[in-house]
Amino acid sequence: MEIKLFFSAVLLVFLPFLAYHAESVTVFDISKYGAKPGGEDISPVLAKVWKEACEATNASKVLIPKGTWYLSQIRLVGPNKAPLELEVQGTVEANPDYTKLPQKDGQWITINYLDGFTISGGGVFDGKGEQAWKANDCHKNPNCPKLPINLSLNFIKNAIIKDVTTKDSKNFHCNCISSQNVTFQRFTISAPGESINTDGIHIARVSNVKVLDSNIGTGDDCISIGDETTDLHIENVKCGPGHGISVGSMGKNPAEKDVTGITVKKCTFTGTSNGVRVKTWPSAPATLKISNLHFEDLTMNNVSYPVVIDQQYCPWNLCTKDKPSLIQISGLTVKNVRGTANTKEALLFSCSSSKPCQNVQISDIDLKYVNSIPANFTTVCENVKPTVSGKQIPPICPTPVQAS
């Protein structure tokens, strides 16, 4: 009886607070401001309610309800005065024709300069990218048209992007640039393997970013990591199709800054061309350092190259290899990698001859060839002397240092 009275008293104390908290969130439902699903461009209404939400001094929510909504292009810019949420319950669609973008050099949805921000709702950002993929010849045409990113996040602090999907982007699905304390959770990226240059999440110039419990399938890197990235934690991500999770490419820009503190843990790669990868350009001017990389507890399902350090990265012969990469890689841990590979060189450690990889530790590698293990199922090691321990299938380098 006393316990029941105690909990009743607690409820009486907190119920007014909970009611006040619920009422204190102002909801800006675009359908209540004149936006209509089914074809009419919602960008004017969305821009209007966004401005009002940013000016609100109490927590606010911009709501895109269930239904299909056409959005030509939008820039959603802060600052916001109080916590702000964009709740997308419906499907937001782009114009399939990339030449119809109002601002030709912009992204589809740009969100900048916010602190205390959430994207949620279970909805979909559909970039309608199929026409753009067919027209994309940027690998051979330096004057190719700039294609829009589905969701471009810049200068964001203390944010969470959760329970939404970006689908069929014309270019990268999402970028996160110059931001701090951002979490992607239960974030879904969906595009076919032949969708060219559609990186899932591109991250650069950030600190304390997390990508958790997410599913990414696309035509390029599931996650690509650019320069000046510090303390990035990727865990429980399913990647495939795609090119894996990549640090780089780096080296072409002399202003690039160091990368440190990258953890990729408990991730699964299925049918990807790579698992985890670091790629730097040879004959390039940048001299940044890449350090404290931790690739742990990874599952590979029919992956071409499960672990790759490639300091001779030169796609489509866009460079020469007469000079080695000037980028130093150090503090690399590869631990507990299991599953199947479909190439005979399952692990590739091709480090720079001018800056050999330092402090590389490899332990508990158990990879099988997709069929039977061939006699030459092996690891390629150049300019690296790793310390190894535990199971080593395939064998790690001709003369590794055995851990004591």
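- Judged purely by distance below 3.5 Å, without hydrogens or angles, the side chains of S291 and T260 pair a donor atom with an acceptor atom.
- A salt bridge links K48 to E52: one of the charged nitrogens lies within less than 4.0 Å of a carboxylate oxygen.
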May I have the step-by-step check of side-chain hydrogen bond (donor to acceptor under 3.5 Å, both in side chains) for Q311 and T280, ending in yes or no? CA-CA 5 Å; Q311 295 205 258; T280 73; 3.2 Å; yes
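- E382 contributes no side-chain N or O that, together with a main-chain N or O of S350, makes up a donor-acceptor pair within less than 3.5 Å.
- Between the side chains of S325 and S352, no donor-acceptor pair is found at a separation under 3.5 Å.
- Side chain of S60 to backbone of A53: a donor-acceptor contact under 3.5 angstrom is found.
- A donor-acceptor pair shorter than 3.5 Å cannot be found between the side chains of T378 and E345.
- Side-chain N/O atoms of N158 and D115 include a donor and acceptor closer than 3.5 Å.
- As summarised for C267 and C239, their two SG atoms remain at a distance no smaller than 2.5 angstrom, missing the threshold.
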For S283 and D322, run side-chain hydrogen bond (donor to acceptor under 3.5 Å, both in side chains): C-alpha distance rounded to whole Å, both residues' side-chain angles, the deciding distance at 0.1 Å, then the answer. CA-CA 7 Å; S283 303; D322 56 331; 2.9 Å; yes
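- Side chains of H202 and S224: a donor on one and an acceptor on the other come within 3.5 Å.
- T91 and D126 share no side-chain donor-acceptor pair at under 3.5 Å.
- For the residue pair H173 and I149, the shortest heavy atom distance occurs at O-CG2, 3.8 Å.
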Carefully, step by step, assess F269 and C222 under the rule side chain to side chain contact (heavy atoms under 4.5 Å, CB included). CA-CA 10 Å; F269 302 82; C222 291; 5.9 Å; no
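- With rounding to the nearest 0.5 angstrom, the CG atom of L347 is 9.5 Å from the CD1 atom of I309.
- Side chain to side chain, T343 and S304 fail the donor-acceptor criterion of an N or O pair below 3.5 Å.
- Note that CZ of R277 is 11.0 Å distant from OH of Y305, once rounded to the nearest 0.5 Å.
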Test R205 against D227 for salt bridge (charged side-chain N to carboxylate O under 4.0 Å, His left out), laying out the working first. CA-CA 6 Å; R205 298 186 289 281; D227 81 305; 3.5 Å; yes
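- A perpendicular orientation is assigned to the rings of F117 and W50, their planes being inclined by more than 60° (bins at 30° and 60°).
- In this structure, a donor-acceptor pair under 3.5 Å is present between the side chains of S152 and N175.
- Residue I290 comes nearest to V278 through the heavy atom pair CD1-CG1, 4.1 Å, listed as atom of the first residue, atom of the second, then distance.
- For the 3.5 Å distance criterion, the side chains of N274 and S246 fail to qualify, holding no donor opposite an acceptor.
- Annotation: side chain of T333 is in contact with side chain of E296 (closest heavy-atom distance under 4.5 Å).
- Of all heavy-atom pairs between W108 and E93, the closest is CZ2-C, 3.4 Å.
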Side chain to side chain contact (heavy atoms under 4.5 Å, CB included) for V182 and I160? Distances and angles first, verdict last. CA-CA 6 Å; V182 179; I160 181 166; over 6 Å; no
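- A donor-acceptor contact closer than 3.5 angstrom is absent between the side chains of T218 and D220.
- A salt bridge between E87 and K61 is present, with a side-chain N of the basic residue lying under 4.0 Å from a carboxylate O of the acidic one.
- Distance check: K134 NZ to Y98 OH gives 12.0 Å after rounding to the nearest 0.5 Å.
- Inter-residue side-chain proximity for T379 and P395 is flagged as unmet; no heavy-atom pair is nearer than 4.5 Å.
- No hydrogens or angles considered: nothing links the side chains of N301 and T268 as a donor-acceptor pair under 3.5 Å.
- Other residues, nucleotides and ligands contribute at most 12 non-hydrogen atoms within 6.0 Å of the NZ atom of K100.
- For the pair L332 and F349, the minimum side-chain heavy-atom distance is below 4.5 Å.
- No salt bridge links D297 with K335; every basic N to acidic carboxylate O contact stays at or beyond 4.0 Å.
- Under 3.5 Å, the side chains of R338 and T299 contain no donor-acceptor pair of N or O atoms.
- Counting only distance, with no hydrogens or angles, the side chain of W281 and the backbone of Q312 share no donor-acceptor pair below 3.5 Å.
- To the nearest 0.5 angstrom, W69 atom CH2 is 10.5 Å from L46 atom CG.
- Side-chain contact between D199 and I201 is absent, with no heavy-atom pair separated by less than 4.5 Å.
- Between I42 and K36, the closest heavy-atom pair is CG2-O, 4.3 Å.
- Of the possible polar contacts, none joining the D221 side chain to the I223 backbone as a donor-acceptor pair under 3.5 Å is found.
- Taking every heavy atom of both residues into account, A94 and G127 meet most closely at CB-O, 3.7 Å.
- A donor-acceptor contact shorter than 3.5 Å links the side chain of N58 to the backbone of S24.
- Two residues are said to be in side-chain contact when any heavy atoms from C-beta on lie closer than 4.5 Å; R75 and N112 meet this criterion.
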Taking it one step at a time, do D366 and K368 satisfy salt bridge (charged side-chain N to carboxylate O under 4.0 Å, His left out)? CA-CA 7 Å; D366 188 5; K368 296 177 174 61; 3.5 Å; yes
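- Counting only distance, with no hydrogens or angles, the side chain of Q107 and the backbone of N150 share no donor-acceptor pair below 3.5 Å.
- Taking both residues in full, the closest heavy atoms of N342 and Y369 are given as C-CE1, 3.7 Å, listed atom of the first, atom of the second, then distance.
- A donor-acceptor pair is defined here as one N or O able to donate and one able to accept, closer than 3.5 Å; such a pair exists between the side chain of Q392 and the backbone of S389.
- Side chain to side chain, D41 and S72 meet the donor-acceptor criterion of an N or O pair below 3.5 Å.
- Put simply, the side chain of Q328 reaches to within 4.5 Å of the side chain of Q358, judged on heavy atoms.
- No side-chain donor-acceptor contact under 3.5 Å links S330 and N359.
- Listed for the D310 side chain is no donor-acceptor partner under 3.5 Å among the backbone atoms of K279.
- S214 places a side-chain N or O within 3.5 Å of a backbone atom of F187 that can act as its donor or acceptor partner.
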Are T110 and N154 close enough, and set up right, to give a side chain to side chain contact (heavy atoms under 4.5 Å, CB included), and what steps lead you there? CA-CA 8 Å; T110 300; N154 310 278; 4.0 Å; yes
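- Two residues are said to be in side-chain contact when any heavy atoms from C-beta on lie closer than 4.5 Å; E228 and S178 fail this criterion.
- A side-chain donor-acceptor contact under 3.5 Å links S195 to the backbone of G219.
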Go through the steps for K257 and L288 under the test side chain to side chain contact (heavy atoms under 4.5 Å, CB included), then give the verdict. CA-CA 5 Å; K257 296 182 180 180; L288 69 149; 5.8 Å; no
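- A donor-acceptor contact under 3.5 angstrom links the side chains of S31 and D29, judged on distance only.
- Side-chain contact of D213 with Q185: a donor-acceptor pair under 3.5 Å is present, judged by distance alone.
- Within the 4.5 Å cutoff, the side chain of T270 has no heavy atoms near those of the N302 side chain.
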